[in-house]
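Throughout, a chain's letter reflects where its sequence line sits, starting with A, and its residues are numbered from 1.
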Amino acid sequence: MNTLEKKIYKKLAEVPKGQITTYGELAKAVGLKNGQRAVGRIMNKNPYPVIIPCHRVVMSTGKLGGFDYGPDVKTKMLTDEGVKIQGGKIVDFENKLYRF
DNA sequence: CGGCTGGCGTCGT
DNA sequence: TACGACGCCAGCC
């Protein structure tokens, strides 16, 4: 797992509670121009679903995106961390967004 | 607002 | 080892 995964997890760990990031930003943060999809795949098969706050990662459109445990759970977690969500979309998305 | 195409890494065959 | 398909997207049409 000594590849992008490591970097991705590292970067993702930087995101504080109450804030979120996008797959695109995360991808760039690890050195990829347009590797959002690659990141998504990594997240999907991520070996550490617990130590990795993948629920803090959303789509650039403001929507939640996918989640292995289900969008409902993801929504719950984010809401619990302070990120309000309505209609499957982030409230004040741009505002809650964390810049690396 | 909905649908289609693009671009990147990992996994499976 | 090599090739093709897939995925928790993004952006343009």
- Task: Record whether the side chain of A:Arg37 comes under 3.5 Å of the base of B:dG6 through a donor-acceptor pair of N or O atoms.
- Result: yes
- At under 4.0 Å between heavy atoms, what does A:Met43 touch on the DNA or RNA strands: base, sugar-phosphate, or nothing?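 If one applies the 4.0 Å heavy-atom cut-off, A:Met43 turns out to touch a base.
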- Query: Just checking A:Gly66: base, sugar-phosphate only, or nothing, at a heavy-atom cut-off of under 4.0 Å?
  - Reply: base
- Query: Does A:Lys74 reach the main-chain N or O of A:Val57 with its side chain, forming a donor-acceptor pair under 3.5 Å?
  - Reply: yes
- Item | Expected output: side-chain A:Arg56 to main-chain A:Leu12 donor-acceptor under 3.5 Å | no
- Item | Aromatic plane relationship, A:Tyr69 with A:Phe67 - under 30° parallel, 30 to 60° tilted, over 60° perpendicular | tilted
Write out a two-atom table: protein N or O, nucleotide N or O from nucleotides 11-13 of chain C, distance below 3.5 Å.
| unit_1 | atom_1 | unit_2 | atom_2 | d |
| --- | --- | --- | --- | --- |
| C:dG11 | OP2 | A:Ser60 | OG | 3.1 |

- Message: With heavy-atom distances below 4.5 Å as the criterion, would you say the side chains of A:Phe93 and A:Ile20 are in contact?
- Response: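 When only atoms from C-beta onward are counted, A:Ile20 and A:Phe93 do touch, with a gap below 4.5 Å.
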- Mind running a 4.0 Å heavy-atom check of residues 92-100 of chain A against DNA chain B and sending the residues that fall below it, in number order? none
- Message: Nearest to the A:Ala38 side chain among C:dC8, B:dT10, B:dG9, which nucleotide is it?
- Response: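 That would be B:dG9.
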- Query: Taking the side chain of A:Gln36 as heavy atoms from C-beta outward, which of C:dA10, C:dC8, B:dT10 is closest to it?
  - Reply: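 Out of C:dA10, C:dC8, B:dT10, the nucleotide with an atom closest to A:Gln36's side chain is C:dA10.
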Provide, to the nearest angstrom, the distance between the [atom1] atom belonging to [X] and the [atom2] atom belonging to [N].
| X | N | atom1 | atom2 | value |
| --- | --- | --- | --- | --- |
| A:Lys6 | B:dG9 | NZ | P | 19 Å |
| A:Tyr23 | C:dC9 | OH | C1' | 8 Å |
| A:Asp68 | C:dC6 | CG | C1' | 15 Å |
| A:Met59 | C:dC8 | CE | P | 12 Å |
| A:Arg41 | C:dC8 | CZ | C1' | 11 Å |
| A:Ile42 | B:dG7 | CD1 | P | 20 Å |
| A:Ile8 | C:dC9 | CD1 | P | 14 Å |
| A:Leu26 | C:dG7 | CG | P | 20 Å |

- Between CD1 of A:Ile90 and CD of A:Glu94, what distance do you get to the nearest 0.5 Å? 11.5 Å
- Given side-chain contact (heavy atoms from CB on, under 4.5 Å), test A:Lys11 with A:Thr21 step by step and report yes or no. CA-CA 10 Å; A:Lys11 285 295 176 187; A:Thr21 185; over 6 Å; no
- Task: Evaluate the side-chain contact (heavy atoms from CB on, under 4.5 Å) criterion for residues A:Leu26 and A:Ile8: first the C-alpha distance (whole Å), next the side-chain angles of each, then the deciding distance (0.1 Å), finally the verdict.
- Result: CA-CA 7 Å; A:Leu26 194 55; A:Ile8 293 174; 3.8 Å; yes
- Note on the structure: Closest heavy-atom pair, A:Leu78 versus A:Leu64, reported as atoms and distance to 0.1 Å, is CD1-CD2, 3.5 Å
- Please determine, for C:dC8, whether a Watson-Crick or G-U wobble partner exists with both distances under 3.5 Å, and give it or none. none
- Task: Go through A:Glu14 and A:Tyr98 one step at a time and tell me if the side-chain contact (heavy atoms from CB on, under 4.5 Å) criterion holds.
- Result: CA-CA 9 Å; A:Glu14 289 181 26; A:Tyr98 174 78; 4.1 Å; yes
